[in-house]
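The structure displayed is predicted, hence computed values, not measured ones. Here is how names work: the chains are called A, B, and so on, in the same order as the sequence lines, proteins then strands, and each is numbered from 1.
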There are 2 protein chains.
Amino acid sequence: MTTAKRDTYTPESLLSVAVQVFNERGYDGTSMEHLSKAAGISKSSIYHHVTGKEELLRRAVSRALDGLFGILDEEHARVGRAVERLEYVVRRMVEVLTAELPYVTLLLRVRGNTGTERWALERRREFDHQVAELLKAAAADGDVRGDIEVRLATRLVFGMINSLVEWYRPDSRGMGEREVADAVAQLVFGGLRNEA
Amino acid sequence: MTTAKRDTYTPESLLSVAVQVFNERGYDGTSMEHLSKAAGISKSSIYHHVTGKEELLRRAVSRALDGLFGILDEEHARVGRAVERLEYVVRRMVEVLTAELPYVTLLLRVRGNTGTERWALERRREFDHQVAELLKAAAADGDVRGDIEVRLATRLVFGMINSLVEWYRPDSRGMGEREVADAVAQLVFGGLRNEA
DNA sequence: AGAGTAACCGAACGATCGGTCGGGACAAGG
DNA sequence: CCTTGTCCCGACCGATCGTTCGGTTACTCT
């Protein structure tokens with residue numbers, strides 16, 4: 001009894017189309033007309049599924065934030081040596097970024113023009129802060145180098161990971177998410193220099 | 001004979017105001033009305049100095065691109081062992097990013113909606129490509145680890161450096177651009193792990 | 001003082017913005 | 001058959017978009 005309904009939009013399926021357009025043109029650069037063309041329905045029909053443009057943005061960034069904060073609730077992120085928890089979180093961040101790529105991409109690009117965007121920025125800062133605490137604990141354990149300030153190191157590592165949304169595409173053959181997670185972890189913890 | 005002119009706008013001084021607003025609200029999210037408020041002159045007066053909104057964007061990204069490509073022309077980027085040229089370019093990129101922060105910020109955020117934006121994206125790719133060649137040469141010399149693909153490593157390093165525009169502010173005391181350049185270089189080449 | 005011009009302004013242009021409205025097509029349940 | 005509710009549409013709203021235009025102010029030069 002596979003659900004054989006009419007071929008129609010749900011708020012979720014409409015969201016996936018909208019997020020794709022948002023990422024191509026930017027949120028402000030996307031008009032409801034653009035969305036209607038991409039979705040194949042009229043502009044007014046969109047309002048049957050969602051209350052407006054901003055709800056689409058809110059749904060998208062919520063999904064991304066849920067994915068990221070979910071990492072911190074997992075067991076390997078809560079128990080164990082700080083440096084190992086940190087490496088786990090770094091690897092899981094790569095996985096979440098690749099799995100929820102369009103939603104996280106949109107999250108990382110909000111500027112703060114509307115209330116929804118400012119809320120998203122605040123949640124992001126909270127997540128960053130919690131990972132920074134993890135890095136600080138690892139530094140206190142003496143497991144990561146102490147000659148780089150924790151705040152600075154956190155931002156640089158986040159910069160590396162978050163840059164995934166600028167170039168990673170799931171269809172690009174020969175570069176699975178596992179390979180990317182390994183590369184990020186090796187680069188973050190071991191650096192570029194050859195140890196030989 | 002210090003030039004004591006009237007207190008008026010030049011295309012350059014207007015640009016610095018415009019770029020600041022562009023970075024706060026996003027290019028598409030910024031109207032000419034916003035610019036006129038920020039500049040303290042009327043909307044129509046802006047057109048006395050520049051042909052339109054897009055010229056402001058073009059001037060801004062051109063300035064950023066000139067700064068970046070200028071690095072590759074410098075002597076330390078052209079002669080010497082590849083790994084050392086690479087480290088020099090990485091450090092100079094940090095310096096250019098901090099020195100021309102608002103202009104590079106704008107460059108790194110263009111999406112490709114207009115012809116100017118697509119041209120900027122193309123120039124960026126060209127710059128990335130040339131640095132990737134440098135990393136490839138360093139790998140061939142055996143000076144950087146060979147277990148991470150060159151393309152992937154380049155993108156991750158660029159991601160870390162370019163993330164500067166998301167948080168670095170020149171007025172933030174206690175974090176000079178030299179300190180940032182050192183941290184980036186140490187993190188990129190040595191990694192986070194404690195060597196003790 | 002008068003001419004020339006750089007800098008600026010308010011008003012308005014057509015186009016497009018996000019969003020609303022009344023109604024039609026169509027499948028499901030009786 | 002007819003009703004009900006989902007899904008969708010074209011037409012339209014006031015507001016705002018980037019840009020243009022005619023005209024005024026204010027400084028420079030002679």
Side-chain angles (χ1 to χ4, degrees), chain A residues 1-22 24-61 106 110-118, chain B residues 1-22 24-61 106 110-118:
Chain A
M1 203 218 278
T2 56
T3 55
K5 300 174 183 175
R6 192 143 56 111
D7 186 29
T8 183
Y9 275 111
T10 65
E12 287 74 28
S13 65
L14 183 61
L15 178 63
S16 72
V17 175
V19 169
Q20 187 175 329
V21 182
F22 284 159
E24 284 171 4
R25 311 188 60 94
Y27 177 72
D28 286 317
T30 302
S31 71
M32 297 303 279
E33 200 69 46
H34 290 137
L35 293 184
S36 80
K37 298 288 184 190
I41 62 177
S42 78
K43 196 172 58 155
S44 53
S45 295
I46 296 177
Y47 291 88
H48 178 73
H49 302 285
V50 294
T51 66
K53 191 180 174 185
E54 197 166 358
E55 181 183 331
L56 289 166
L57 179 64
R58 181 162 18 91
R59 283 174 178 267
V61 298
L106 196 55
V110 301
R111 301 302 321 153
N113 293 342
T114 68
T116 298
E117 299 186 49
R118 283 185 288 273
Chain B
M1 204 218 278
T2 55
T3 55
K5 301 174 182 176
R6 190 148 54 115
D7 186 30
T8 184
Y9 274 111
T10 64
E12 287 73 28
S13 66
L14 183 61
L15 178 63
S16 72
V17 175
V19 169
Q20 186 175 328
V21 183
F22 284 159
E24 283 171 4
R25 311 188 59 94
Y27 177 72
D28 285 317
T30 302
S31 70
M32 296 304 278
E33 199 69 46
H34 291 138
L35 293 184
S36 79
K37 297 288 183 190
I41 62 178
S42 78
K43 201 169 54 153
S44 52
S45 296
I46 296 176
Y47 290 88
H48 178 73
H49 302 285
V50 294
T51 65
K53 191 180 175 185
E54 195 166 358
E55 180 183 332
L56 289 167
L57 179 65
R58 183 164 14 90
R59 282 175 180 267
V61 298
L106 198 54
V110 301
R111 300 303 322 151
N113 292 342
T114 69
T116 298
E117 299 186 49
R118 282 186 288 274

**Prompt:** Is the shortest side-chain N to carboxylate O distance from A:R59 to A:E55 below 4.0 Å?
**Reply:**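 So A:R59 pairs with A:E55 through a salt bridge.
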**Request:** Measure from the side chain of A:T8, starting at C-beta and using heavy atoms only, and say which of C:dC17, D:dC7, D:dT19 lies closest.
**Result:**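 Selected nucleotide: D:dC7.
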d([atom1], [X]; [atom2], [N]) in whole Å:
X     : N      : atom1 : atom2 : answer
B:H34 : D:dG18 : NE2   : P     : 9 Å
A:D28 : D:dC17 : CG    : P     : 11 Å
B:E33 : D:dG18 : CD    : P     : 9 Å

**Request:** Measure the shortest side-chain to side-chain distance between B:Q20 and B:V17 over non-hydrogen atoms and say whether it is less than 4.5 angstrom.
**Result:**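 Result no, sub-4.5 Å side-chain heavy-atom pair not found.
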**Prompt:** Does A:T51 or B:H49 map to a spot on DNA chain C nearer the 5' end, using the closest nucleotide for each?
**Reply:**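 Per heavy-atom nearest nucleotide, the more 5' residue is B:H49.
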**Request:** Under 4.0 Å between any heavy atoms, over every strand shown, what does A:T10 touch: base, sugar-phosphate, or nothing? Just pick one.
**Result:** nothing
**Asked** Contact class for B:S36 (heavy atom, under 4.0 Å): base, sugar-phosphate, or nothing?
**Response** nothing
Would you check if there is a donor-acceptor pair between the side chains of [Y] and [X] at a distance under 3.5 Å?
X      : Y      : answer
B:T116 : B:T114 : no
A:S45  : A:S42  : yes
B:H34  : B:S31  : yes

**Asked** Reckon A:H48 has a side-chain N or O less than 4.0 Å from the OP1 or OP2 of D:dC7?
**Response** yes
**Complete:** With sugar-phosphate taken as primed atoms, P, OP1 and OP2 and all else as base, the protein-contact string of nucleotides 9-15 of chain D at under 4.0 Å (heavy atoms; B, S, -) is BB-----
